[in-house]
Amino acid sequence: MRLSRYFLPVLKETPGEARIASHRLMLRAGMIRQASAGIYSWLPLGFRVLRRIEQIVHEEQQRAGHIPMLMPTVQPADLWRESGRYDDYGEEMLRITDRHGRDMLYGPTNEELITDIFRAHISSYRDLPLTLYHIQWKFRDEVRPRFGVMRGREFYMKDGYTFDLTRDAALHAYNRHLVSYLRSYERMGLQAIPMRAASGPIGGDDTHEFLVLAETGESAVFYDSAVTDIRLGARALAYDDAAACRAVAEEFTRLYARTDETHDEAKFLEIPEARRRVARGIEVGQIFYFGTKYSEPMGAMVVNAQGERVPVHMGSHGIGVSRLVGAIIEASHDDRGIVWPEGVTPFHCGIVNLKQGNAGADAACEALYAALTGAGLEPLYDDRAERAGAKFATMDLIGLPWRITVGPRGLKAGVVELTCRRTGESEEMSPEAAVSRVAGRYGGTAGG
RNA sequence: CGGGGCGUAGCGCAGUCUGGCAGCGCGACGGUUUUGGGAACCGUAGGUCGCAAGUUCAAAUCUUGCCGUCCCGACCA
């Protein structure tokens with residue numbers, strides 16, 4: 001993409017309403033524009049990041065054997081009356097009446113819809129297990145939206161629903177989700193710690209929240225510092241192997257890590273003092289096993305091998321896709337701007353032409369652009385007639401992990417400059433070497 | 001939902017107390033000179049002063065009502 005033809009409305013000054021780094025930086029980098037309290041338009045740069053996170057979630061869900069689909073945002077109230085949640089959900093649910101006077105609602109979640117789909121089409125244990133998921137916009141009419149996309153009213157979320165014959169099978173689904181979530185977050189360059197949590201209004205027997213440590217987090221968290229040393233890394237994952245999934249889940253949840261809702265001071269004090277940590281975290285996902293809470297009242301039954309009609313065991317599992325954009329920035333920025341992890345960056349590499357209009361610099365930049373594109377990467381070429389300082393400031397603000405700087409001075413010596421956004425380190429090298437270095441950073445995962 | 005702010009150009013704000021030409025900085029646009037970390041100068045455009053009613057010769061400014069938005073608390077992915 002050439003910046004001169006792109007839409008990147010960056011701001012030099014910080015809009016007054018933004019209190020935390022991610023909100024401030026998303027506004028300044030031209031990623032979002034507020035439409036109403038807690039409701040945002042995603043401008044092109046923000047949209048790219050949102051899509052990359054969504055893509056990682058899709059890939060990891062499907063790797064775990066989960067099946068994508070799409071349910072509507074507007075739902076009929078009747079289904080919610082059936083589950084008993086139409087009244088329970090209260091003022092957070094946006095209620096709508098259509099032209100025929102029917103009660104509708106903008107979905108805050110999708111248990112009712114998915115259960116309705118399940119009961120209409122599934123009747124035998126032979127069709128289980130089944131995991132369906134979708135990524136869709138949701139709406140919760142928060143009393144006080146804040147922190148930009150981290151606590152919006154409209155938000156984009158992956159929610160998955162598991163259907164199993166037995167509790168044991170449902171717990172395998174729970175562990176499988178835990179592992180797939182860990183893998184998704186690691187690909188996004190994030191550490192999200194699974195913590196035992198309260199179940200809240202969705203209801204359930206077992207639940208973990210995934211928290212990203214950040215000073216601006218909404219939850220107080222208490223944990224054993226050793227949990228932050230655990231990584232999934234490149235290990236092979238056998239999602240169909242219940243014992244293997246349980247082993248990984250146990251490895252990540254064995255040590256003490258809880259939010260304030262379930263914090264147990266006595267157990268916390270059993271941790272060696274040097275490893276006790278009290279901090280704050282941003283919730284970026286949650287997994288629930290809730291048994292037959294919805295299947296019983298809504299009649300989602302299957303016939304088991306003994307010929308008996310039994311309610312299915314269900315679980316639901318969510319990842320806050322739009323919230324992750326903010327959470328990643330909270331976890332990865334500096335005083336100059338955003339520092340994107342390579343896994344979610346909106347563009348793989350920036351090209352800064354220090355002397356736009358200089359034939360040699362222009363040609364070198366075009367050649368770099370073609371070479372990077374040819375290597376399967378998406379570069380952002382700053383071809384504006386701006387001064388160097390302005391171009392650097394823009395690149396730093398939008399946080400691309402790599403920047404190739406091209407100027408007549410370096411070209412005389414046959415070199416360009418490759419700069420790492422995170423460390424600030426620069427190195428001079430031939431344009432070809434710069435391309436292969438950047439391409440090497442993204443390996444086979446480039447594109448998308 | 002309780003309490004408190006704020007609403008004036010795309011962004012940041014002054015002007016409101018004490019009614020009297022709608023301003024400043026940044027940004028945008030044009031020009032000249034510049035050009036390796038947010039350049040300088042000259043010029044130009046851009047405003048239903050949140051909305052409505054009221055008071056007044058005269059309202060951004062005073063009064064009333066409404067709307068929007070932000071912050072603290074409670075609540076919540």
Side-chain angles (χ1 to χ4, degrees), chain A residues 9-20 23-24 27-28 30 33-39 43 89-93 107-110 137-159 181 192 195 197-202 207-212 217-219 259-261 281-288 316-324 326-327 336-337 352-358 361 382 384-398 403-412 415-417 419 424 426 428:
Chain A
V10 300
L11 304 173
K12 210 166 179 177
E13 287 172 287
T14 302
E17 76 265 27
R19 303 284 148 171
I20 63 170
H23 190 193
R24 222 162 37 228
L27 290 168
R28 284 196 55 211
R33 178 178 168 81
Q34 180 168 313
S36 176
I39 302 178
L43 306 184
Y89 227 97
E91 295 293 305
E92 280 203 352
M93 181 185 281
T109 178
N110 291 70
W137 291 96
K138 313 263 193 293
F139 195 92
R140 289 182 197 167
D141 200 1
E142 293 282 343
V143 192
R144 182 148 94 84
R146 70 189 105 165
F147 302 154
V149 299
M150 295 230 296
R151 178 96 181 259
R153 292 195 291 171
E154 187 179 57
F155 57 100
Y156 200 47
M157 179 177 171
K158 172 263 168 184
D159 46 326
Y181 280 23
M195 300 197 182
S199 61
I202 293 178
T207 176
H208 280 85
E209 290 178 343
F210 291 78
L211 286 111
V212 174
E218 74 272 49
S219 313
T259 66
D260 47 2
E261 294 170 315
I282 301 163
E283 193 194 322
V284 294
Q286 187 158 14
I287 54 178
F288 298 91
S316 77
H317 315 84
I319 293 183
V321 174
S322 51
R323 161 176 280 206
L324 270 165
R336 298 199 310 275
V352 169
N353 186 344
L354 292 173
K355 197 137 184 122
Q356 207 69 41
N358 173 285
D382 190 344
R384 298 171 303 166
E386 287 291 334
R387 297 161 63 91
K391 293 189 178 189
F392 289 144
T394 298
M395 281 293 172
D396 287 346
L397 175 62
I398 68 173
R403 184 186 84 207
I404 300 175
T405 307
V406 180
R409 189 187 302 170
L411 289 174
K412 260 184 209 165
V415 298
V416 297
E417 186 182 72
T419 305
S426 287
E428 293 193 333

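Every chain is numbered from 1 and lettered A, B, ... according to where its sequence line falls, protein lines coming before strand lines. Below, all heavy atoms of this structure are taken into account, side chains as well, without hydrogens, waters or symmetry copies.
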[X], nearest nucleotide to its side chain (from [options]):
X: A/F155; options: B/A77, B/G36, B/U69; value: B/A77
X: A/R146; options: B/C76, B/G36, B/A74; value: B/A74
X: A/R387; options: B/A77, B/G36, B/U34; value: B/U34
X: A/P15; options: B/G12, B/C70, B/G27; value: B/G12
X: A/R19; options: B/A77, B/G37, B/C71; value: B/C71

Is it true that a side-chain atom of [X] and a backbone atom of [Y] form a donor plus acceptor pair closer than 3.5 Å?
X: A/R24; Y: A/A18; value: no
X: A/R323; Y: A/M150; value: yes
X: A/R28; Y: A/L11; value: yes

Let me know the distance between [atom1] of [X] and [atom2] of [N], rounded to the nearest Å.
X: A/I39; N: B/G68; atom1: CD1; atom2: P; value: 12 Å
X: A/H23; N: B/C71; atom1: NE2; atom2: C1'; value: 13 Å
X: A/R33; N: B/C11; atom1: CZ; atom2: P; value: 6 Å
X: A/M93; N: B/C75; atom1: CE; atom2: C1'; value: 16 Å
X: A/F147; N: B/C76; atom1: CZ; atom2: C1'; value: 12 Å
X: A/D382; N: B/G36; atom1: CG; atom2: C1'; value: 14 Å
X: A/R24; N: B/C71; atom1: CZ; atom2: P; value: 12 Å
X: A/L27; N: B/G27; atom1: CG; atom2: P; value: 19 Å

Subject >> Nearest-nucleotide comparison on RNA chain B, the residue closer to the 5′ end among A/G152 and A/V406 >> reply: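 On the 5' side of the pair lies A/V406.
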
**OP:** For A/E209 and for A/P145, locate the closest nucleotide of RNA chain B by heavy-atom distance; then report the residue assigned to the nucleotide nearer the 5' terminus.
**Re:** A/P145

Looking for any heavy atom pair under 4.0 Å, which part of the strands does [X] touch: base, sugar-phosphate only, or nothing?
X: A/G407; value: base
X: A/T394; value: base
X: A/G285; value: nothing
X: A/E92; value: sugar-phosphate
X: A/A393; value: base
X: A/E142; value: base

Determine the interatomic distance between [atom1] on [N] and the same-named atom on [M]; round to the nearest Å.
N: B/A59; M: B/G20; atom1: P; value: 11 Å
N: B/C17; M: B/C70; atom1: C1'; value: 24 Å
N: B/U61; M: B/A22; atom1: C1'; value: 12 Å
N: B/C41; M: B/G4; atom1: C1'; value: 46 Å
N: B/G19; M: B/C11; atom1: P; value: 31 Å
N: B/C1; M: B/A14; atom1: P; value: 31 Å
N: B/A28; M: B/G47; atom1: C1'; value: 15 Å
N: B/A52; M: B/U8; atom1: P; value: 15 Å

Original post:
Got more than 12 heavy atoms from elsewhere within 6.0 Å of CD, A/E91?
Top reply: no

Taking pairing as Watson-Crick or G-U wobble with both contacts under 3.5 Å, can you name the mate of [N], or confirm there isn't one?
N: B/A60; value: none
N: B/G73; value: B/C1
N: B/U32; value: B/A40
N: B/G68; value: B/C6
N: B/U55; value: none
N: B/U18; value: none
N: B/A45; value: none
N: B/C24; value: B/G12

Measure distances between side-chain N and O atoms of [X] and base N and O atoms of [N], and say whether any donor-acceptor pair falls under 3.5 Å.
X: A/E13; N: B/G25; value: yes
X: A/E386; N: B/G38; value: no
X: A/R151; N: B/C76; value: yes
X: A/R28; N: B/C11; value: no

[N] OP1/OP2 closer than 4.0 Å to side-chain N/O of [X]:
X: A/K12; N: B/C26; result: no
X: A/Q356; N: B/U35; result: no
X: A/T14; N: B/C11; result: no
X: A/R140; N: B/C76; result: no
X: A/R144; N: B/C71; result: yes

**OP:** Enter the distance from A/N353:CG to A/R384:CZ here, rounded to the nearest 0.5 Å.
**Re:**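 Answer for the CG-CZ pair, A/N353 versus A/R384, is 11.5 Å.
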
**OP:** Rounded to the nearest 0.5 Å, what's the gap from OG1 on A/T419 to CD on A/E417? Could you check?
**Re:**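 So the gap between those two atoms works out to 4.0 Å.
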
Original post:
After noting the C-alpha distance and the side-chain angles of A/Y181 and A/I287, does the key distance pass the side-chain contact (heavy atoms from CB on, under 4.5 Å) rule?
Top reply: CA-CA 9 Å; A/Y181 280 23; A/I287 54 178; 3.7 Å; yes

Original post:
Under 4.0 Å between a Lys/Arg side-chain N and an Asp/Glu carboxylate O for A/R151 and A/E218?
Top reply: no

**OP:** Report the C-alpha distance between A/T259 and A/L211 in whole Å, list the side-chain angles of each, state the deciding distance to 0.1 Å, and finish with yes or no for side-chain contact (heavy atoms from CB on, under 4.5 Å).
**Re:** CA-CA 9 Å; A/T259 66; A/L211 286 111; 3.5 Å; yes

